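All remarks here apply to the structure that follows.
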Amino acid sequence: VPKEKMEAKGNVTQFILFGLSYDPNIQIFCFFLFLFCYISLILGNLLILISIHCSHLFHQPMYYFLSHLSSMDIYYTSSVTPKLIADLLTEKKTISYGYCMVQVFSIHFFGSIEVFILTAMAFDRYVAICKPLHYMVIMSRKKCNLLVLAAWGGAAAHSFSQLSMTVKLPFCGPNEIDHYFCDIFPLLKIACTDTYITGVLLVLSSGIIALGVFVILFVSYAVILWTLRTHSAEGRRKALSTCGSHFTVVILFFVPAIFSYLRPPTTYPEDKVFALFYTIIAPMFNPLIYTLRNTEMKNAMRKVWCQKLFGKGNVKHMG
């Protein structure tokens, strides 16, 4: 974004973030809690990334998408959480206009990629269970690459539209944002202009997309469950385990996001709590959700990490 576009219309050069709480004791508790969450999130997703890239799983579409999801979890959370953690130790929480606009863009960009990658993963499971004979043709590596490229392209189109709406807002008076990061709804509240049209466009672009994708995912998993009736007991168990993991992640991410964006353009006290779910909690639990009930993933992790720590001979002996 050119520098001239990153300068606020009006006389506001920085914003003051209210953060999560005014209570110093709660802030100290939150500092250690979110520091632990952030470190766990980084380590958990790096563990998945390295385990997939160093094993045969990388050649399977589901794990190829999962590696991208883990990357996006790290980028997405890192656009908000380090600033949140640092602010919990400061009395006055400020953010420059330029950094605020960067947060608006990055949250929507990486968040949208996650949404589209989750959709690609649901499509992969649908093809694997409902059209198993055509799976290798439909989910070839070339088509998987195209799906990932489409996710990045769709996310760029969405996030640039959000940023263009935000940089046009004039800020000439109040500069206090009742949130712990910069997002469009809190910024609409303090803009010194009529923001009704911008608010409606935001609901249409973010809220409707989130709801539409969630409905598509819900229907696809319903079709998968219906198809599983004809499978063997072992096949059903394995498919339900994988799909259950996926759908848990979808619920954790989409329900708070839909609440935050599919509604009249105003702010509520609960916004910050719901935002914690899709910015920190869901990305932190993703590695756990995808590995605890996934035997294939656990075996690959054990093989990769035992090989790194103990050498190949010991791994064969341990197996």
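Being a predicted model, the structure only gives us computed values, none of them experimental. Counting begins at 1 with the first residue of the sequence.
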Candidate pair Phe109 and Phe160, rule side-chain contact (heavy atoms from CB on, under 4.5 Å), full reasoning: CA-CA 8 Å; Phe109 181 62; Phe160 274 114; over 6 Å; no
From CA spacing to verdict: side-chain contact (heavy atoms from CB on, under 4.5 Å), Thr248, Phe285: CA-CA 10 Å; Thr248 305; Phe285 278 112; over 6 Å; no
Pair Tyr97-Val167, side-chain contact (heavy atoms from CB on, under 4.5 Å): steps then yes or no: CA-CA 10 Å; Tyr97 177 83; Val167 295; 4.1 Å; yes
Check against side-chain contact (heavy atoms from CB on, under 4.5 Å), Thr94 and Phe15: CA-CA 6 Å; Thr94 59; Phe15 299 102; over 6 Å; no
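For the pair Arg141 and Tyr64, the cation-pi test (distance below 6.0 Å, angle within 45°) is passed.
Judged by distance alone, with hydrogens and angles left aside, the side-chain atoms of Asp23 form a donor-acceptor pair with the main-chain N or O of Asn25 at under 3.5 Å. Distance alone, capped at 3.5 Å, places no donor-acceptor pair between the Gln103 side chain and the Asp183 backbone. Put simply, the side chain of Lys272 gets close to the backbone of Gly19: a donor and an acceptor are under 3.5 Å apart. Side-chain atoms of Lys93 come within 3.5 Å of backbone N or O of Asp87 as a donor-acceptor pair. Using modelled atom types, no side-chain atom of Tyr38 and backbone atom of Thr77 make a donor-acceptor pair closer than 3.5 Å. No donor-acceptor distance shorter than 3.5 angstrom exists from the side chain of Ser78 to the backbone of Tyr75, with no hydrogens or angles considered.
When every heavy atom of Ala122 is checked against every heavy atom of Ile224, the shortest pair comes out as O-CD1, 4.4 Å. Taking both residues in full, the closest heavy atoms of Phe274 and Tyr278 are given as O-CD2, 3.4 Å, listed atom of the first, atom of the second, then distance. Between Ser70 and Ile48, the shortest heavy-atom distance links the atoms OG-CG2, 3.3 Å. Shortest non-hydrogen contact noted between Gly154 and Phe116 is C-CE1, 3.7 Å. In terms of heavy atoms, His158 sits closest to Ser206 at CE1-OG, 3.3 Å. Contact record, Met139 with Leu147: CE-CD1, 4.2 Å, taken as the closest heavy-atom pair.
In this structure, Phe123 CZ and Leu217 CG are separated by 12.5 Å, a value rounded to the nearest 0.5 Å. A distance of 9.5 Å separates CE in Met284 from CD1 in Ile289, rounded to the nearest 0.5 Å. Taken from OH in Tyr63 to CE in Met121, the straight-line distance is 9.0 Å, to the nearest 0.5 Å. Put simply, CZ on Phe65 and SG on Cys144 are 4.0 Å apart, with the number rounded to the nearest 0.5 Å. Atom OH of residue Tyr135 and atom CD1 of residue Ile129 lie 10.0 Å apart, to the nearest 0.5 angstrom. We find the CG-CZ distance between Leu49 and Phe58 to be 9.5 Å, quoted to the nearest 0.5 Å.
Around the OH atom of Tyr221, the shell of radius 6.0 Å holds more than 12 heavy atoms that belong to other residues, nucleotides or ligands. Shown here is Lys131, whose NZ atom has no more than 12 heavy atoms of other residues, nucleotides or ligands within 6.0 Å.
Under a hydrophobic clustering in which Ile, Leu, Val, Met, Phe, Trp and Tyr are joined whenever their side-chain heavy atoms come within less than 4.5 Å, directly or via other members, Phe29 and Phe32 fall into the same cluster. Two different hydrophobic clusters hold Ile258 and Ile216 under the rule that ILVMFWY side chains link at heavy-atom gaps under 4.5 Å. Clustering ILVMFWY residues whenever any of their side-chain heavy atoms sit less than 4.5 angstrom apart, transitively, puts Ile208 in the very cluster that holds Phe253. Cluster annotation: Ile16 and Val80 are assigned to distinct hydrophobic clusters (Ile/Leu/Val/Met/Phe/Trp/Tyr, side-chain heavy-atom contacts under 4.5 Å, transitive). Under a hydrophobic clustering in which Ile, Leu, Val, Met, Phe, Trp and Tyr are joined whenever their side-chain heavy atoms come within less than 4.5 Å, directly or via other members, Leu146 and Leu69 fall into different clusters.
Each of Ile117, Ile52, Asp124 was checked for a side-chain contact (heavy atoms from CB on, under 4.5 Å) with Leu66, and the lone residue meeting it is Ile52. Exactly one of Asn286, Val115, Asn45, Ile113 qualifies for a side-chain contact (heavy atoms from CB on, under 4.5 Å) with Met72. That residue is Ile113.
Under the 30°/60° scheme for interplanar angles, the aromatic rings of Phe110 and Trp152 are found to stand perpendicular. Phe214 and Phe254 have tilted rings, their planes meeting at an angle from 30° to 60° on a 0 to 90° scale.
Considering only heavy atoms from C-beta on, Met101 comes within 4.5 Å of Leu187 through its side chain. Using a 4.5 Å heavy-atom cutoff, the side chains of Leu202 and Gln162 are in contact. Put simply, the side chain of Thr198 does not reach to within 4.5 Å of the side chain of Lys168, judged on heavy atoms. Looking at heavy atoms from C-beta onward, Val255 lies out of side-chain contact with Phe277 at the 4.5 angstrom threshold. In this structure, the side chains of Ile280 and Leu84 come closer than 4.5 Å at one or more pairs of heavy atoms. Using a 4.5 Å heavy-atom threshold, the side chains of Ile281 and Cys37 count as separate. When side chains are defined from C-beta on, Thr279 counts as touching Ile107, because their heavy atoms get closer than 4.5 Å. In this structure the side chain of Lys83 reaches within 4.5 angstrom of the side chain of Tyr99, judged on heavy atoms.
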